[in-house]
Novice: 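Take this structure first; my questions come after.
Every chain is numbered from 1 and lettered A, B, ... according to where its sequence line falls, protein lines coming before strand lines. As a basis for the values below, the full set of heavy atoms in this structure was taken, side chains included, without hydrogen atoms, waters or symmetry mates.
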Amino acid sequence: MGPTSNIMRHVYGWLLLTPAAILLIGFTHYPTVATVYESLFSKGSAIRPSRFIGAGNYESMMEDPIFWKVLSNNLWFAIGTIPTSVALAIGMALLVNRALPGRSLLRLAYFTPTILPMIAVANIWLFFYSPDIGLIDRLLGLFGLPGHNWLGDPDTVLPAIIVMTIWKEAGFFMIFYLAALQHLPPELKEAARLEGASRWYYFRRVVFPLLMPTTLFVLINAVLNSFKLVDHLFVLTKGGPDNASNLLLYYIYETAFSYFDTNYAATLTAVLLAILAVLALAQFFLLDKRIHYR
Amino acid sequence: MSGIRIDGLVKQWGDMRAVDEVSFSVGEGTLTVLLGPSGCGKSTILRLIAGLESADGGRVRIGGDDVTRLDPARRRVSMVFQSYALFPHLDVRENILFGLKVRRVDASEREARLVEAAKMVGLESLLHRKPAQLSGGQRQRVALARTIVSKQPVCLMDEPLSNLDAKLRAEMRDEIHRLQRELNLTMLYVTHDQIEAMSMADQVVLLRDGRIEQIGEPAWLYEHPQSEFAAQFLGTPPMNVLPLSSIDATVAGADGAAKLGVRPEKLRLADTGLPVEVAAVDYMGAETVLRLVHRGRALMARVEGRTHVAPGDTLHVAWDPADVHLFDERGRRVRDRKA
């Protein structure tokens with residue numbers, strides 16, 4: 001092989017990589033680096049131009065009570081949504097994996113919330129949660145119970161949003177579990193049955209461990225979603241009342257586009273990226289060792 | 001008491017009768033092979049006995065007790081699946097002990113049975129491997145060990161060797177046969193492989209389309225096939241069956257006989273007899289199979305060692321009248337002709 005053809009081989013390789021590289025660098029890597037860079041500068045105004053302040057934004061973030069508020073909200077939001085939606089997803093998948101009449105209709109019904117845009121979901125639930133005229137209050141009224149302003153009360157707003165998110169997400173995760181369940185060879189269940197293993201025993205000792213790769217995938221998605229999904233806040237609460245339902249990403253949006261403090265927004269974004277990276281890596285390394293991959 | 005007896009067993013899939021009034025019994029401590037082509041209902045019968053399918057009619061008795069409606073776990077049977085049904089996330093040890101843990105056998109007893117079973121099938125050094133790290137033969141041994149530790153008197157095997165290569169298959173066949181005798185198991189063994197059936201069985205149940213075609217010892221089935229189907233299913237190459245009208249009519253003369261069968265190894269090359277043309281010569285070392293044509297009909301002859309015959313030759317084949325099997329128009333055996 002001559003030197004020219006060797007060079008051509010490299011050129012050819014790089015040409016093939018270029019389209020993907022441009023997209024990745026332009027829309028992922030450059031913005032990430034730019035965000036971190038921006039976060040090191042102060043907010044600029046007409047009279048005071050932006051200047052380098054090092055970790056200054058990070059220091060003021062540590063003293064920002066709203067930052068801590070939205071971070072703890074996010075934590076509760078994750079704790080509230082993830083285990084329940086994953087458990088529901090497994091339960092629903094087990095149910096529709098059995099031979100039962102109307103199985104495909106049921107599968108479709110479970111999956112419906114997933115195909116709806118988050119904004120549409122929020123509108124539906126806005127109708128459920130509306131005080132007095134909403135579905136929930138009407139139902140309560142039938143039993144003579146008083147209505148409640150679910151989204152207006154700082155004590156109930158976050159749980160209300162958690163319930164809605166579970167409703168939206170469980171069906172999506174179910175699809176992955178259903179696919180995994182259909183890959184389990186039926187002889188495993190028969191072998192267990194011949195030994196007299198109960199359904200629960202079979203689930204605990206065989207099905208659940210074999211579903212672990214799916215569970216890892218679903219967990220990573222669920223954790224990312226708990227930080228990424230904020231569309232519903234625009235419709236339902238705008239983060240209120242008194243930041244009781246505000247989440248980190250929505251706070252970033254507010255900081256950037258309502259308060260126009262792009263540098264502080266960049267700071268918060270850098271923190272969000274760091275949190276997500278740490279969570280994903282932690283799940284991957286902690287759970288990976290205990291997972292059986294076929 | 002652990003013999004199996006089934007009476008008038010029926011299993012229906014929609015309009016199709018997968019198992020049609022099947023009755024037979026398996027003596028305690030013996031090995032019965034359910035043999036037949038795919039789709040003949042042999043696996044279904046096994047699953048009905050195990051209780052993995054429910055019967056639409058008839059009865060299953062194990063050790064004298066009617067178990068037709070009994071839960072699979074209480075029928076005192078163990079089963080080896082074609083795919084082995086090993087739990088992929090559990091190591092060999094846990095796979096073997098799975099059933100004992102479900103049944104709450106106490107730990108010291110479990111350990112003793114594990115050691116014994118692992119020794120019997122030669123798995124002692126592999127107890128901490130996962131199934132994915134085992135060869136096909138080793139996986140098969142794990143499945144066997146699972147049966148051994150269960151100490152159930154009846155063992156059901158569903159095509160246990162079909163996923164193994166030829167050499168390993170012969171080895172595992174001997175091993176299963178040895179275990180069956182050593183543990184005095186009542187074994188029902190499903191296969192479509194006649195070699196397994198011939199070499200292991202005390203009794204062969206030959207099935208076709210959900211019905212029993214013939215039942216008996218392997219030699220009986222081979223030497224006295226009761227139908228054209230049985231004659232051609234057992235033996236490689238299969239028996240030559242020719243309509244009497246296509247050969248010299250004086251060869252046979254029993255009442256109602258329409259077809260004549262001769263096994264390939266009973267055909268002799270001779271100076272006179274049925275004129276045939278050689279289509280192909282398959283040399284196999286110890287023997288040679290000649291593929292012959294007589295008036296457009298294929299025949300096979302098996303001769304020892306090598307032969308000088310070449311494709312295109314014309315020659316004559318003959319047979320001893322005692323080696324002839326006669327069948328009527330519907331393929332049923334015609335009473336043996338007095339020689």
Novice: Can you confirm whether B/R74 is buried at CZ, in the sense that more than 12 heavy atoms of other residues, nucleotides or ligands lie under 6.0 Å from that atom?
Specialist: no
Novice: Listed by residue number, which members of residues 187-206 of chain A have a heavy atom under 4.5 Å from any heavy atom of chain B?
Specialist: A/E187, A/L188, A/E190, A/A191, A/A192, A/R193, A/L194, A/E195, A/G196, A/A197, A/Y201, A/R205, A/V206
Novice: Which atoms of B/R75 come close to chain A, meaning under 4.5 Å heavy atom to heavy atom: side chain ones, backbone ones, both, or neither?
Specialist: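 No part of B/R75 comes within 4.5 Å of chain A.
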Novice: Quick one: what part of B/F87 sits under 4.5 Å from any heavy atom of chain A, side chain, backbone, both or neither?
Specialist: both
Novice: Evaluate whether atom CZ of B/R5 has more than 12 neighbouring non-hydrogen atoms of other residues, nucleotides or ligands under 6.0 angstrom away.
Specialist: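 Atom CZ in B/R5 is not packed in, count stays at 12 or less.
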Novice: Please list, in residue-number order, every residue in residues 34-42 of chain B that has a heavy atom less than 4.5 Å from any heavy atom of chain A; write 'none' if there are none.
Specialist: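 From residues 34-42 of chain B, none sit under 4.5 Å of chain A.
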Novice: Taking atom CZ of B/R110 as the centre, report whether more than 12 heavy atoms of other residues, nucleotides or ligands fall under 6.0 Å from it.
Specialist: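 It does: B/R110 CZ has more than 12 such atoms within range.
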